Amino acid sequence: MKLHHLRALVAMADAGTFNAAAETLHITQGALSKAIKELEASLGIALFERSNRGVRLTAQGHRLVIHARHIGESVRRAKDDLHETEDGGRVIATIGVTPVVSIMREISDAIIAFRRHNPKTRLRVLEMRPSQMMQELRDGTLDFAVSSQMPINSRPDECVLLRQIPTLVTCHKAHKLRGADSVRDLLDEEWVAQDSMDDVTSPFYRMFTELGLPFPQRVTECTASVTAHLLAVHTDSIMLLSGASFTHQTILQSLVPIRVRETLPSRDLVLIARNRHVFAAPVLRLYETFRKTLSSPERSSTL
């Protein structure tokens with residue numbers, strides 16, 4: 001199994017046709033077809049189902065594409081590492097953060113410190129929901145990620161639990177139930193959920209199941225953080241936020257915690273990486289900076 005065979009496989013998976021994939025790789029269709037056949041022969045399995053309607057990946061083909069993307073990303077990182085050793089630059093570090101994490105002051109502090117000492121490294125910070133992160137990590141799109149909840153399909157060796165962040169029930173400052181003392185009193189209200197209601201790791205799902213309460217009947221699922229915030233500000237919607245959110249001036253000025261008597265499930269602040277041993281030196285420095293900075297207790301006052 002050679003690298004150019006795997007590149008041909010990924011190009012086919014992305015493009016969908018031999019013609020488009022060949023154009024992407026700047027080779028002839030014949031050369032592409034030969035590479036795919038050689039790969040199938042070396043593995044002894046069919047990677048594509050061929051019919052009059054075209055070709056599509058088999059189940060084994062889908063699995064190999066995942067591995068091929070990861071191998072390709074590892075090769076890229078190896079080249080970055082060698083170039084970094086050679087001339088001190090040209091490394092790309094790509095990290096994922098959840099919306100909860102993205103507004104934490106420690107994140108910007110860590111990035112500022114890293115940029116000061118690694119000016120030649122290209123840094124990409126991508127915001128995404130926790131449910132997206134593991135696939136992006138396994139595809140090799142991300143070097144590492146910082147999540148506000150433990151991924152359901154992660155391995156213990158991939159995750160470092162940094163600390164826990166409290167969960168708060170919130171509403172706008174003029175809400176008629178801002179003085180409610182129980183989640184039960186809020187069940188008939190409109191709610192905004194920032195994760196899928198089927199996500200068993202989300203604070204929304206965990207709160208109602210752990211408290212033994214039914215889910216509200218009126219729920220808007222909204223993964224767009226700014227839109228979710230606007231819905232909570234301009235309607236009577238109830239929304240769960242992290243305690244870390246109230247270090248952000250915009251949140252402080254527009255929303256308030258509802259001080260319910262129930263103990264709410266906290267959020268796990270987790271640092272996730274698949275293969276730390278293959279990180280280029282600057283990426284490893286950034287990873288360690290995040291680990292050290294985010295493990296410290298929150299500097300904000302307790303709400």
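Computed from a prediction, not measured in an experiment: that's the story for all the values here.
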Quick one: OG on S182 to CG on L187, what's the gap to the nearest 0.5 Å? 7.5 Å
Do I112 and Y287 share a hydrophobic cluster (ILVMFWY, side-chain heavy atoms under 4.5 Å, transitive)? no
Pairwise distance CG(N118) to CD1(I111) - rounded to 0.5 angstrom: 12.5 Å
Treat each ILVMFWY residue as a node, draw an edge where side-chain heavy atoms are under 4.5 Å apart, and state whether I165 and V160 are in one component. yes
Any donor-acceptor N/O pair, Q132 side chain to R129 backbone, under 3.5 Å: yes
Give, for atom CD1 of I95 and atom CG of L126, the distance between the pair rounded to the nearest 0.5 Å. 8.5 Å
How about M134 and E158: do any of their side-chain heavy atoms sit closer than 4.5 Å? yes
With heavy-atom distances below 4.5 Å as the criterion, would you say the side chains of F48 and T58 are in contact? no
Is there a path from L213 to V260 through hydrophobic residues (I, L, V, M, F, W, Y) whose side chains come within less than 4.5 Å of each other? yes
M133 and A145: which non-hydrogen atoms are nearest, and at how many Å? SD-CB, 3.7 Å
Other than V100, what residues sit in its cluster of Ile, Leu, Val, Met, Phe, Trp and Tyr side chains whose heavy atoms are under 4.5 Å apart, directly or through others? none
Any sub-3.5 Å donor-acceptor pair from S108's side-chain atoms to R105's backbone N or O? yes
Is a side-chain N or O of H175 found less than 3.5 angstrom from the main chain of D236, in a donor-acceptor match? yes
Does the pair F246 and I251 meet the rule for a side-chain contact (heavy atoms from CB on, under 4.5 Å), with working shown? CA-CA 6 Å; F246 281 86; I251 303 295; 3.8 Å; yes
Applying side-chain contact (heavy atoms from CB on, under 4.5 Å) between F114 and each of D109, V283, T121, report the one that passes. T121
Taking T289 for the side chain and A110 for the main chain, is one N or O donor matched with an acceptor at less than 3.5 Å? no
What closest approach, in Å, do S237 and V192 show between heavy atoms, and which atom pair accounts for it? CB-CG2, 3.6 Å
Give the cluster check for L32 versus V10: same hydrophobic cluster or not, with ILVMFWY residues linked at side-chain heavy-atom distances below 4.5 Å. no
To check you understand the geometry: which heavy-atom pair defines the closest contact between V101 and S148, and what is its length? CG2-N, 4.1 Å
For the side chain of S33 and the backbone of G30, is there at least one donor-acceptor N/O pair under 3.5 Å apart? no
Nearest-0.5 Å distance, CG of residue L252 to OG1 of residue T247: 7.5 Å
Out of curiosity, does L240 fall in the hydrophobic cluster containing V256 (side-chain heavy atoms, cut-off under 4.5 Å, transitive links)? no
For residues 16-29, run the donor-acceptor check on the side chains, cut-off 3.5 Å, and write out each pair with its distance to 0.1 Å, sequence neighbours left out.
| unit_1 | atom_1 | unit_2 | atom_2 | d |
| --- | --- | --- | --- | --- |
| T17 | OG1 | A20 | N | 3.1 |
| T24 | OG1 | A20 | O | 3.0 |
| T28 | OG1 | A31 | N | 3.1 |

With sequence neighbours excluded, residues passing salt bridge (Lys or Arg N to Asp or Glu O under 4.0 Å) with R124: none
Does the pair E40/K37 count as a salt bridge with the N-to-O cut at 4.0 Å? no
Partners of F208 by ring-ring contact (aromatic ring centres under 6.0 Å, His included), sequence neighbours excluded? W191, F204, F215
Is there a donor-acceptor pair closer than 3.5 Å between any side-chain N or O of T170 and the backbone N or O of M239? yes
Just by distance, with hydrogens left out, do E106 and T293 show a side-chain donor and acceptor under 3.5 Å apart? no
Could you tell me whether the side chain of S242 and the main chain of S245 form a donor-acceptor pair under 3.5 Å? yes
Candidate pair L39 and L64, rule side-chain contact (heavy atoms from CB on, under 4.5 Å), full reasoning: CA-CA 11 Å; L39 180 57; L64 186 57; 4.1 Å; yes
Do side-chain atoms of R163 reach the backbone of L294 as a donor and acceptor pair under 3.5 angstrom? yes
Are side-chain heavy atoms of T235 and E190 found at a separation under 4.5 Å? no
Between H229 and S254, a side-chain donor and acceptor under 3.5 Å: yes
Go through the steps for L142 and M128 under the test side-chain contact (heavy atoms from CB on, under 4.5 Å), then give the verdict. CA-CA 11 Å; L142 301 177; M128 58 188 64; 3.9 Å; yes
Could you check V125 against V97 for side-chain contact (heavy atoms from CB on, under 4.5 Å), going step by step and ending with a plain yes or no? CA-CA 7 Å; V125 183; V97 296; 4.0 Å; yes
E221 side chain near S196 side chain, heavy-atom distance below 4.5 Å: yes
Run the side-chain donor-acceptor check on residues 264-272: report pairs under 3.5 Å with partners two or more places apart or on a different chain.
| unit_1 | atom_1 | unit_2 | atom_2 | d |
| --- | --- | --- | --- | --- |
| R267 | NE | T167 | OG1 | 3.3 |
| D268 | OD1 | Q164 | NE2 | 3.0 |

So how far is it from H248 NE2 to L255 CG, rounded to the nearest 0.5 Å? 12.0 Å
Any L286 side-chain heavy atom under 4.5 Å of D143 side chain: no
Shortest non-hydrogen contact from I107 toward F290: CD1-CE2, 3.4 Å
In the structure I gave you, are the side-chain heavy atoms of L47 and V65 within less than 4.5 Å of one another anywhere? no
Heavy-atom side-chain contact between Q194 and L241 under 4.5 Å: yes
What distance separates I238 CD1 from R178 CZ, expressed to the nearest 0.5 Å? 11.5 Å
Applying the salt bridge (charged side-chain N to carboxylate O under 4.0 Å, His left out) criterion to E288, which one of R285, K292, R291 satisfies it? R291
Run through the side-chain heavy atoms of Ile, Leu, Val, Met, Phe, Trp and Tyr, join any pair under 4.5 Å, and report what else lands in L230's cluster. V226
Would you name the heavy atoms of Q149 and P203 that are closest together and state the gap between them? OE1-CD, 3.4 Å
I'd like to know whether CZ of R115 has more than 12 heavy-atom contacts from other residues, nucleotides or ligands below 6.0 angstrom. yes
